[in-house]
Amino acid sequence: MIMDQGTVLLTDRAWPDDSVERAVIEGAGFRLVSGPPEPASAAVIDALVAEHQPAAILTCWAPVSAQAIGNTDNLRIVARLGVGLDNIAVTAATDRGVVVTNVPDYCVEEVSDHAVGLVLAWTRGLIVADREVRAGHWKPAGARLRRLSALTCGVVGLGRIGSATAAKLRALGARVVASTPYPPADTGGVPIVGLDELLAGSDVVILHAPLTTSTHHLIGARELELMPSGALLVNVSRGGLVDTDALIASLAAGHLGGAGLDVLEDEPAVPTELLEYPGVMITPHIAFSSDASVVDLRRSAAEEVVRVLRGETPRYACNQPSTTTKHGVSS
């Protein structure tokens with residue numbers, strides 16, 4: 001049964017229009033209000049929530065603060081158009097009986113492909129060679145390339161995406177180890193080791209971890225120093241996992257051999273120091289993206305909103321809001 005409070009606020013989006021979200025939301029009898037396409041400040045989102053009093057918030061990258069969550073008595077769900085929840089005040093939502101959802105399975109192939117692609121681009125020197133040729137230099141004797149099957153790749157975080165990355169690297173012949181706080185029942189034959197052991201023994205380190213208070217700057221100066229000289233660091237998760245200053249210092253000292261970064265600490269600002277090193281590859285937070293994955297993401301997130309507003313159980317609840325509060329959802 002459709003509830004009276006049927007306004008859904010789409011805070012921002014990383015695609016040209018809101019047609020997919022609108023088709024799902026309005027097709028279910030609810031009203032969609034779209035905010036600015038680019039992620040706005042917390043203050044702007046707070047004001048939009050206060051103005052429209054939504055029963056649901058769909059958010060991509062815009063911050064959904066505790067203030068925003070408290071600005072409407074109608075709110076029942078905050079649905080993330082993505083996997084990570086670092087832009088949502090989850091504790092505040094939980095305290096107010098608001099369910100928080102994400103879409104954990106929409107881009108497993110894309111992100112793992114992106115991670116492996118960055119590794120291959122580094123081992124085969126693809127980016128550096130392309131830049132050299134475009135600059136008018138044809139010097140095959142200057143190539144310093146690596147055999148992937150002779151390397152050890154360490155995967156930090158062995159969830160859906162990390163497991164897919166590990167499987168793809170193993171299929172290419174690499175030795176793979178992993179570090180994860182919650183090992184899956186089936187690791188796919190990948191040994192689980194401590195983070196320090198992984199860092200010290202891996203030629204390539206790939207980050208597939210969420211950004212939380214405990215994982216902020218998970219990779220800092222100490223951790224980079226543990227990595228072998230000339231190693232590669234790949235981050236396709238969240239920029240805050242890596243201490244950027246420490247990363248730049250390691251590159252400047254000649255210790256780290258390269259970095260493949262799809263995410264940065266202060267996106268979209270790119271530190272000019274990172275651009276100085278030929279071994280650094282940077283893509284603009286697109287690891288999740290493909291024609292198929294983006295449609296899956298948009299539809300799945302919007303469908304979670306519809307479920308909750310209809311009083312149904314969401315598929316991917318990320319918190320357990322109190323069932324005693326006005327807008328709580330039974331777990």
Side-chain angles (χ1 to χ4, degrees), residues 2-103 211-213 238 267-268 297-312 314-329:
I2 296 176
M3 309 295 290
D4 291 337
Q5 296 94 352
T7 295
V8 179
L9 173 65
L10 175 62
T11 63
D12 65 305
R13 61 182 190 270
W15 32 87
D17 58 55
D18 62 7
S19 59
V20 174
E21 297 84 354
R22 190 169 296 279
V24 174
I25 299 299
E26 293 185 351
F30 300 104
R31 170 176 173 255
L32 181 71
V33 174
S34 289
E38 296 296 322
S41 67
V44 170
I45 302 303
D46 294 351
L48 283 171
V49 173
E51 176 185 356
H52 295 288
Q53 294 292 296
I57 296 174
L58 269 168
T59 186
C60 187
W61 288 320
V64 180
S65 67
Q67 179 68 42
I69 290 167
N71 275 352
T72 172
D73 291 332
N74 298 327
L75 191 62
R76 303 182 67 211
I77 175 175
V78 178
R80 172 82 212 290
L81 286 148
V83 181
L85 303 174
D86 47 288
N87 63 319
I88 300 171
V90 178
T91 299
T94 303
D95 291 344
R96 291 185 63 86
V98 175
V99 68
V100 176
T101 63
N102 69 350
V103 187
L211 179 59
T212 66
T213 54
R238 285 293 184 269
E267 297 173 11
L297 167 66
R298 298 167 67 185
R299 183 180 296 115
S300 295
E303 287 173 348
E304 284 283 65
V305 165
V306 170
R307 287 188 194 96
V308 171
L309 295 189
R310 284 176 167 170
E312 300 171 6
R315 290 183 178 174
Y316 297 116
C318 299
N319 64 340
Q320 294 183 320
S322 171
T323 57
T324 61
T325 56
K326 181 179 179 180
H327 301 298
V329 176

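Computed from a prediction, not measured in an experiment: that's the story for all the values here. Residue indices begin at 1 and follow the sequence shown. Side chains are part of it too, since the values below use all heavy atoms of this structure and drop only hydrogens, waters and symmetry mates.
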What pairs with Glu303 under side-chain hydrogen bond (donor to acceptor under 3.5 Å, both in side chains), at least two apart in sequence or on another chain? none
Would you say Arg13's side chain and Trp15's backbone share a donor-acceptor pair under 3.5 angstrom? yes
Do Ile57 and Thr11 have side chains that get closer than 4.5 Å, going by heavy atoms? yes
Closest heavy-atom pair, Thr101 versus Pro314, reported as atoms and distance to 0.1 Å, is CG2-CB, 3.9 Å
Identify all side-chain donor-acceptor contacts of residues 35-46 below 3.5 Å with residues at least two apart in sequence or on another chain.
{"unit_1": "Ser41", "atom_1": "OG", "unit_2": "Val44", "atom_2": "N", "d": "3.3"}
{"unit_1": "Asp46", "atom_1": "OD1", "unit_2": "Ser65", "atom_2": "OG", "d": "2.7"}
{"unit_1": "Asp46", "atom_1": "OD1", "unit_2": "Ala68", "atom_2": "N", "d": "3.3"}

Pairing residues for Arg299 by the side-chain hydrogen bond (donor to acceptor under 3.5 Å, both in side chains) criterion, not counting sequence neighbours: none
In chain order, what residues pass the salt bridge (charged side-chain N to carboxylate O under 4.0 Å, His left out) check against Glu26, with sequence neighbours excluded? Arg22
From the options Leu9, Val24, Asp18, select the one residue that forms a side chain to side chain contact (heavy atoms under 4.5 Å, CB included) with Leu32. Asp18
Check step by step if side chain to side chain contact (heavy atoms under 4.5 Å, CB included) holds for Asp73 and Arg96. CA-CA 9 Å; Asp73 291 332; Arg96 291 185 63 86; 3.7 Å; yes
So which heavy atom on Val78 is nearest to which on Leu75, and how close? CG2-CD2, 4.0 Å
Looking at Arg307 and Arg315, would you say the former's side chain and the latter's main chain have a donor-acceptor pair under 3.5 Å? no
Which atom pair, heavy atoms only, marks the closest approach of Asn319 to Val98? ND2-O, 2.9 Å
What distance separates Leu48 CG from Thr72 OG1, expressed to the nearest 0.5 Å? 12.5 Å
Return the minimal non-hydrogen interatomic distance between Ala56 and Val305, and the atom names on each side. CB-CG1, 3.5 Å
Who pairs with Thr213 by side-chain hydrogen bond (donor to acceptor under 3.5 Å, both in side chains), at least two apart in sequence or on another chain? none
Contacts table for residues 79-89: side-chain donor-acceptor under 3.5 angstrom, sequence neighbours left out:
{"unit_1": "Arg80", "atom_1": "NE", "unit_2": "Cys60", "atom_2": "O", "d": "2.5"}
{"unit_1": "Arg80", "atom_1": "NH1", "unit_2": "Gly84", "atom_2": "O", "d": "2.5"}
{"unit_1": "Arg80", "atom_1": "NH2", "unit_2": "Cys60", "atom_2": "O", "d": "3.0"}
{"unit_1": "Asp86", "atom_1": "OD1", "unit_2": "Arg238", "atom_2": "NE", "d": "2.9"}
{"unit_1": "Asn87", "atom_1": "ND2", "unit_2": "Cys60", "atom_2": "O", "d": "3.3"}
{"unit_1": "Asn87", "atom_1": "ND2", "unit_2": "Ala62", "atom_2": "O", "d": "2.8"}

Closest approach of Glu304 and Tyr316, non-hydrogen atoms and distance? OE2-N, 2.7 Å
With side chains defined as the heavy atoms from C-beta onward, is the minimum distance between Val33 and Pro54 less than 4.5 Å? no
